[in-house]
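Below is one structure, written out as structure tokens; the observations come after it.
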Amino acid sequence: MKLDIAHVAQRAATGLLPEDSRVDALIADAFAHAAAHSEGAVADYIPALASADPSLFGLSLVDVHGEAHEAGDSGVEFSIQSISKAFVYALLCDEVGHEEALATVGVNNTGLPFNSVVAIELNDGHPRNPMVNAGALATTALIPGADAEARWLTIQHGLSRFAGRRLELDEAVYQSEMAANQRNAAIAQLLESYGRIRQDPAEVVDVYTRQCSILVSAHDLAVMGATLADGGVNPVTGERVVSAEVARDTLAVMTASGMYENSGEWLFEIGLPGKSGVAGGIVCVAPGKGGIATFSPPLDAAGNSVRGQIATAYLSRALGLNLFASASHFTPKE
Ligand code: GLN
């Protein structure tokens, strides 16, 4: 999709955000700019999401000192959906370590939609990455816990530590997706047939669907992103949630696959790790600087929030966040 940011000057990435008043001003500019866009459509394959208000729009940046800069509906809650995949993957990596995480779910983009079955078949049943449904189901299956209930509580507790507050389940979204979950059930059974998950596939789908139905606001997501930006320490609570190595590995995987088959375009325009969800959330991480999160339900064809992409692209440029943007330090030799 066209991001409409050609007029925003690209600043080089430095180690620091500008001063707070400048960040506040650019948040307001990015919000106003993206709010003028009304393209996209609200997801309707999960019936409970179809009634979302397309005019809701929240934007939040939380820096690595825990300072929040926000605009619009940044406190409105919505279901985290696929954004949970990044944080559950981080919890798994913290549990099993770098090598085993890599062997279990892989780190390469599928180039195919998030709920693709073809991607599994093309790779001998080995999920290619944890940011799409097949890899996410395999990840959720490996979260420690004696049974499905215990695994769910581990996930709920872990995501709550990332957010710095207790996150609750949206029961209506959970029930609605469970009733329309044939595709995820099929993916889990396919993974079982390849020996990639050993638990009851129906239980794995149940825990995964609960994890996707966790309620967050854009502010919560920005804190969660800031935790990954801050070497795994939540900058609001001061709690270490995962190791610095796990934060790094999670961001690498988000960079390659967080925006599904559009991850390359996202990287080209924004140059940062990001993860989107079908309820309209996006979390984006500027390592060492902070987390940016947006909430706006209308999505593009790949399932990524339209206003969220525009606002984040604006901020990436104007705040100098793009990891690939440098300025020359060349000085002629004496
Ligand atoms: N719960 C959703 C699903 O599995 C999450 C997908 C998404 O956010 N892209 O279909």
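Counting begins at 1 with the first residue of the sequence. Side chains are part of it too, since the values below use all heavy atoms of this structure and drop only hydrogens, waters and symmetry mates. Since this is a predicted model, take the numbers as computed values, not measurements.
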*asked:* By the salt bridge (charged side-chain N to carboxylate O under 4.0 Å, His left out) test, which pairs, at least two apart or in different chains, include something from residues 232-246?
replied: R161-E239
*asked:* Which residues pass the side chain to side chain contact (heavy atoms under 4.5 Å, CB included) test with E265, not counting sequence neighbours?
replied: N262
*Residues forming a side chain to side chain contact (heavy atoms under 4.5 Å, CB included) with D73, sequence neighbours excluded*: L56, V76
*Whether N129 side chain and N108 backbone form a donor-acceptor pair below 3.5 Å*: yes
*Roughly how far, to the nearest 0.5 Å, is CD1 of I270 from CD of Q309?*
6.0 Å
*Tell me whether F114 is reachable from I83 by hopping between hydrophobic residues (I, L, V, M, F, W, Y) whose side-chain heavy atoms are closer than 4.5 Å.*
no
*Residues in side chain to side chain contact (heavy atoms under 4.5 Å, CB included) with V107, at least two apart?*
Y89, L102, V253
*Any salt bridge (charged side-chain N to carboxylate O under 4.0 Å, His left out) involving residues 207-218? Give me the pairs, sequence neighbours left out, ordered by first then second residue.*
E149-R210, D206-R210
*Does T104 offer a backbone N or O that forms a donor-acceptor pair with the side chain of H126 under 3.5 Å?*
yes
*asked:* If the condition is salt bridge (Lys or Arg N to Asp or Glu O under 4.0 Å), which residues does E192 pass it with, not counting sequence neighbours?
replied: none
*Tell me yes or no: between the side chains of T140 and Q211, is some donor less than 3.5 Å from an acceptor?*
yes
*Which heavy atom in V64 sits nearest to a heavy atom in G288, and how many Å separate them?*
CG2-O, 3.5 Å
_Any pair counted as salt bridge (charged side-chain N to carboxylate O under 4.0 Å, His left out), so long as it reaches residues 211-227, sequence neighbours left out_ = R165-D220
*Would you say L61 and L319 make side-chain contact, with heavy atoms under 4.5 Å?*
yes
*Give the minimum heavy-atom separation between A293 and A218, together with the two atoms involved.*
CB-O, 3.2 Å
*Parallel, tilted or perpendicular, as decided by the 30° and 60° cut-offs, for the rings of F57 and F31*: parallel
*Which pairs, with at least one residue in residues 23-37 and sequence neighbours excluded, count as a side chain to side chain donor-acceptor pair (under 3.5 Å)?*
D4-H37, D24-H69, H37-E39
*Among all residues two or more places apart in sequence or in another chain, which pass the salt bridge (Lys or Arg N to Asp or Glu O under 4.0 Å) test with D94?*
none
_Shortest non-hydrogen contact between G164 and T237, atoms and distance_ = CA-CG2, 3.7 Å
_Selection residues 311-325 - residue pairs positive for side chain to side chain donor-acceptor pair (under 3.5 Å), sequence neighbours left out_ = none
*Nearest 0.5 Å, what's the NZ-SG distance between K85 and C212?*
6.0 Å
*Please list, chain by chain and in numerical order, all residues satisfying salt bridge (Lys or Arg N to Asp or Glu O under 4.0 Å) with R183, sequence neighbours excluded.*
none
*asked:* Looking at L272, is its backbone amide N or carbonyl O close enough to the side chain of W266 to form a donor-acceptor pair, meaning the two atoms are under 3.5 Å apart?
replied: yes
*asked:* Enumerate the side chain to side chain donor-acceptor pair (under 3.5 Å) contacts for residues 194-204, please, sequence neighbours excluded, ordered by first and then second residue.
replied: E121-Y194
*Is any side-chain heavy atom of V283 closer than 4.5 Å to a side-chain heavy atom of M224?*
no
*Per the side chain to side chain contact (heavy atoms under 4.5 Å, CB included) rule, which among T154, V204, V207 passes with I143?*
T154
*Is it true that F295 and L59 fall in one hydrophobic cluster, defined by side-chain heavy atoms closer than 4.5 Å?*
no
*Specify the closest pair of heavy atoms between S79 and V173, including all atoms of both residues, with the distance to one decimal.*
OG-CG1, 3.9 Å
*Under 3.5 Å, is there a donor-acceptor pair between the side chain of Q156 and the main chain of L167?*
yes
*Do S257 side-chain atoms and M254 backbone N/O form a donor-acceptor pair below 3.5 Å?*
no
_Using modelled atom types and a 3.5 Å cut-off, is there a donor and acceptor pairing between side-chain atoms of S74 and backbone atoms of S60?_
no
*Would you say D170's side chain and S213's backbone share a donor-acceptor pair under 3.5 angstrom?*
no
*Regarding T209 and N181, is there a side-chain donor-to-acceptor distance under 3.5 Å anywhere?*
yes
*Quick one: do Y208 and L159 end up in the same hydrophobic cluster if we chain Ile, Leu, Val, Met, Phe, Trp and Tyr together by side-chain heavy atoms under 4.5 Å apart?*
no
_Between N109 and A256 (side chain of the first, backbone of the second, donor and acceptor by atom type, cut-off under 3.5 Å), is there such a pair?_
yes
